[in-house]
Amino acid sequence: MFSEKIHRYIFLFGLFGLGFGMMIGAVPTSVPEIILGANWLLEGDFKRKFNQLKVNKVFWVLIAVFCLHVLGLLYTSNLSAGSEDVKIKLPLFILPLFIFSAKPLTQKEFYATLYFFILGCVANTLWCLTYSFVLHNNEVIRNASRFMSHIRLGLYLNVAIACCVYFAWRSEAFLKKLLWVALVIYFVFVLYALGLASGLINFAILFLLAICFFIYRQKLWVKLAGILVVLGFITMGIYYIMDIKKSQLDVRSDKTNEPQNYAPSGRPYLHYGKGGQKENGNYIYINVQPEELQRAWKKEFAADSFHYESETNLQRYVVLVRYMASKGLNKDSVGYTKLSDADKQNIQKDIANFEYPSWSYLHKRTYELVNEYDEFLNDRFVNGHSLTMRLYFWDAALHVIKKNFVFGVGTGDVQDQLTKTYRETKSPLNEEWYKRPHNQFLTITTALGILGLGVFLLGLLYPASTLKNELPKLFWPFFLIAVLSFFIEDTLETQAGCTFYAFFSGLFLSVGWWRKLKHIET
């Protein structure tokens with residue numbers, strides 16, 4: 001329709017827009033994809049595009065998983081859910097199609113795409129920081145990421161960090177190096193400030209692997225120094241976790257941690273097990289006088305009152321008891337008088353530990369994981385615990401896979417079959433937590449069987465293997481980040497996750513393909 005030059009500009013506009021837009025929401029992600037699609041159709045030249053694609057084995061293995069999901073609609077019972085799943089996974093097809101059928105990116109265009117992506121990361125994180133620390137006093141860790149889940153944001157930021165390190169290494173001008181290093185520091189700070197635990201773990205893995213790679217061919221003394229640095233970082237991480245574990249789970253030597261018979265009022269205490277849950281090293285459910293707590297709280301907060309023997313606002317009772325335990329108080333009217341107005345406001349916000357508001361998001365997330373570990377270890381409450389619930393997610397998925405090993409249950413039946421399995425196996429999870437596997441390999445196998453898993457692994461490994469000598473260096477940190485995410489998340493089950501994988505795999509692999517085909521330097 002337009003000249004070749006204009007269509008190229010539109011293609012680049014869409015690509016740059018997607019690099020930026022996928023960081024700031026669903027609509028800014030979809031609009032550039034629509035622009036790319038419309039330009040692809042209006043440009044025509046389909047014969048060249050098809051000839052370019054038909055010899056490109058990397059393209060075909062890359063889109064094979066999407067194609068299998070479409071075939072999986074043929075034997076699914078829940079066509080509506082299957083169609084929605086295919087819609088979410090559409091970027092796995094259209095982005096490689098648009099990128100691989102286009103003419104190769106120059107080095108300048110390739111770098112510009114990454115620049116816009118990094119700019120999108122800056123825009124995203126500035127808003128997240130502003131929302132959580134300026135506009136609101138946000139206490140909920142998962143609300144810190146405003147445009148996508150905190151896990152997806154961690155994936156994107158780790159790729160951004162890798163890009164900034166690469167550009168710092170490539171830049172010759174001192175000021176440019178300084179800019180890229182400053183961005184690395186900023187993004188690492190964001191991972192910490194927003195408590196993106198999985199993102200920090202991925203960063204730590206990448207950082208330690210980078211050190212190992214760097215020292216591999218160095219002199220002996222450099223290798224020894226590098227090993228000491230790696231061990232030092234590992235030790236610091238373990239010490240940090242163990243320090244939180246100690247402060248939370250090691251029982252303090254205090255009389256409030258010994259069962260007492262009567263409150264100062266003469267009323268008997270209730271004890272729900274000395275070996276139970278703890279807050280700041282204090283047992284929660286001993287030395288409890290529930291009638292006194294209920295009366296004292298209702299006197300001040302009649303509209304927020306509770307009765308511990310019913311479901312009426314029971315959450316308030318639980319938070320109150322936990323909060324008082326965190327301060328080392330007996331749970332009675334005397335202990336209640338020692339709560340400040342700020343303490344009571346925290347309790348009304350469902351904050352169960354008086355130190356919680358002063359902690360960083362990372363400390364809060366580690367605190368949660370330590371409690372999840374203790375709950376699971378002692379065979380207690382697991383609902384709502386993201387880490388330990390995964391064990392039940394995986395177990396349910398394996399049950400379904402055993403019954404549908406070859407072809408799976410179909411694209412739309414994954415959730416239905418999992419829900420059925422949770423009920424049949426009498427899972428301890430509440431029905432609201434009857435979730436998908438949170439493991440991309442298990443999710444693929446549940447839907448499409450061992451055949452689908454094989455194709456998925458082929459799509460992962462074949463391009464990396466056949467193009468390994470021509471791939472941009474940035475492909476490898478992306479590849480590692482993506483694969484790590486597949487073990488703990490259904491990365492491809494959301495628009496943000498699908499776009500993450502489709503965009504970067506299409507971008508990096510297309511560069512590698514053209515290098516191999518025409519030895520183009522990018």
Side-chain angles (χ1 to χ4, degrees), residues 1-19 30 32-73 86-87 89-114 451-452 454-472 474-475 478-479 492 498-499 501-522:
M1 182 176 181
F2 303 115
S3 68
E4 182 179 341
K5 187 176 182 180
I6 295 297
H7 279 295
R8 182 64 174 183
Y9 285 153
I10 296 173
F11 168 75
L12 293 174
F13 177 77
L15 193 63
F16 298 163
L18 182 57
S30 300
E33 291 176 335
I34 293 171
I35 291 172
L36 287 169
N39 182 65
W40 191 86
L41 291 172
L42 293 175
E43 184 183 28
D45 199 12
F46 298 119
K47 183 177 181 180
R48 176 195 62 79
K49 291 175 181 176
F50 177 73
N51 288 334
Q52 189 167 300
L53 291 175
K54 73 178 182 180
V55 297
N56 190 337
K57 295 178 182 177
V58 170
F59 167 76
W60 293 107
V61 298
L62 203 58
I63 68 167
V65 168
F66 174 80
C67 295
L68 277 184
H69 276 87
V70 174
L71 289 176
L73 293 175
V86 168
K87 178 183 174 183
K89 290 183 172 63
L90 194 57
L92 296 176
F93 174 76
I94 62 171
L95 292 184
L97 174 68
F98 299 152
I99 295 172
F100 277 95
S101 64
K103 293 180 180 178
L105 294 171
T106 64
Q107 184 185 70
K108 185 178 180 181
E109 292 166 346
F110 174 60
Y111 285 178
T113 305
L114 297 178
L451 174 64
V455 172
F456 182 54
L457 292 175
L458 181 67
L460 276 177
L461 301 177
Y462 174 78
S465 174
T466 193
L467 300 176
K468 61 183 178 181
N469 295 324
E470 288 82 19
L471 286 167
L474 285 171
F475 170 81
F478 155 72
F479 181 77
L492 305 183
C498 250
T499 304
Y501 182 71
F503 178 82
F504 287 113
S505 59
L507 183 67
F508 294 141
L509 292 174
S510 69
V511 170
W513 169 258
W514 283 108
R515 280 181 177 176
K516 184 174 182 179
L517 196 65
K518 294 187 176 181
H519 304 290
I520 293 175
E521 182 183 355
T522 52

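As the structure is a computational prediction, the values presented were derived from the model and not from experiment.
- Here the side chains of Leu474 and Leu114 are in contact, with some heavy-atom distance below 4.5 Å.
- Looking at Thr106 and Tyr111, their side chains never come closer than 4.5 Å, going by heavy atoms from C-beta outward.
- For the atom pair CD1 of Ile10 and CG of Leu15, the computed distance is 13.5 Å after rounding to the nearest 0.5 Å.
- Partner His7 forms a ring pair (Phe, Tyr, Trp, His ring centres under 6.0 Å) with one of Phe2, Phe13, Trp40 and no other, that one being Phe2.
- Between the side chain of Gln52 and the backbone N or O of Ala102 there is at least one donor-acceptor pair closer than 3.5 Å.
- Leu451 and Leu68 get closest at one heavy-atom pair: O-CD1, 4.4 Å.
- With hydrogens and angles disregarded, a donor-acceptor distance shorter than 3.5 Å links the side chain of Arg48 to the backbone of Ser101.
- Remark: Phe11 CZ to Leu36 CG distance equals 6.5 Å, nearest 0.5 Å.
- Applying the side-chain hydrogen bond (donor to acceptor under 3.5 Å, both in side chains) test to every pair with at least one member in residues 89-98, sequence neighbours left out, gives these pairs: Asp85-Lys89, Lys89-Glu493.
- Ring geometry for Phe59 versus Phe93: interplanar angle of 30 to 60°, hence tilted.
- Closest heavy-atom contact between Ala64 and Val455: CB-CG1, 3.4 Å.
- Between Phe98 and Ile35, every side-chain heavy-atom pair lies at or beyond the 4.5 Å cut-off.
- Taking 4.5 Å as the limit, some side-chain heavy atom of Leu467 sits within range of a side-chain heavy atom of Leu509.
- Under the side chain to side chain contact (heavy atoms under 4.5 Å, CB included) rule, Pro96 has a single partner from Val58, Asn56, Leu62, which is Leu62.
- Residues Leu12 and Leu105 form a side-chain contact, since some pair of their non-hydrogen atoms from C-beta on lies under 4.5 Å apart.
- In this structure, Trp514 has its ring center at least 6.0 angstrom away from the ring center of Phe100.
- At a threshold of 4.5 Å between non-hydrogen side-chain atoms, the residues Phe46 and Phe50 do not count as touching.
- Counting heavy atoms from C-beta on, the side chains of Phe478 and Leu507 never come closer than 4.5 Å.
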request  = Determine, stepwise, if the pair Glu33 / Thr499 fulfils side chain to side chain contact (heavy atoms under 4.5 Å, CB included).
outcome  = CA-CA 10 Å; Glu33 291 176 335; Thr499 304; 4.1 Å; yes
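- Every residue was checked against the salt bridge (charged side-chain N to carboxylate O under 4.0 Å, His left out) condition with Lys57, not counting sequence neighbours, and none meets it.
- In terms of heavy-atom proximity, Ala502 sits nearest to Pro91 at CB-O, 3.2 Å.
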inquiry  = The test is side chain to side chain contact (heavy atoms under 4.5 Å, CB included); show your working for Glu470 and Leu517 and say whether it passes.
reply    = CA-CA 10 Å; Glu470 288 82 19; Leu517 196 65; over 6 Å; no
message = Could you go through Leu97 and Leu53, starting from their C-alpha distance and side-chain angles, then the distance that decides it, and tell me whether this counts as side chain to side chain contact (heavy atoms under 4.5 Å, CB included)?
response = CA-CA 8 Å; Leu97 174 68; Leu53 291 175; 3.6 Å; yes
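- Here the rule is salt bridge (charged side-chain N to carboxylate O under 4.0 Å, His left out) with Lys103, and of Glu109, Glu43, Glu4 only Glu4 fits it.
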message = Could you walk me through whether Phe475 and Phe479 satisfy the ring-ring contact (aromatic ring centres under 6.0 Å, His included) test, starting with their C-alpha distance in whole Å, then the side-chain angles of each, then the deciding distance to 0.1 Å, before giving a yes or no?
response = CA-CA 6 Å; Phe475 170 81; Phe479 181 77; 5.5 Å; yes
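- Under the 4.5 Å side-chain criterion, counting only non-hydrogen atoms from C-beta, Ser465 is not in contact with Leu461.
- Here Thr113 contributes atom OG1 and Ile99 contributes atom CD1; the two are 8.5 Å apart, rounded to the nearest 0.5 Å.
- Going from atom OG1 of Thr466 over to atom CH2 of Trp513 covers 8.0 Å, rounded to the nearest 0.5 Å.
- Residues meeting the ring-ring contact (aromatic ring centres under 6.0 Å, His included) test with Tyr501, sequence neighbours left out: Phe486.
- Between Gly512 and Pro472, the closest heavy-atom pair is N-CD, 4.2 Å.
- Atom SG of residue Cys498 and atom CG of residue Leu92 lie 4.0 Å apart, to the nearest 0.5 angstrom.
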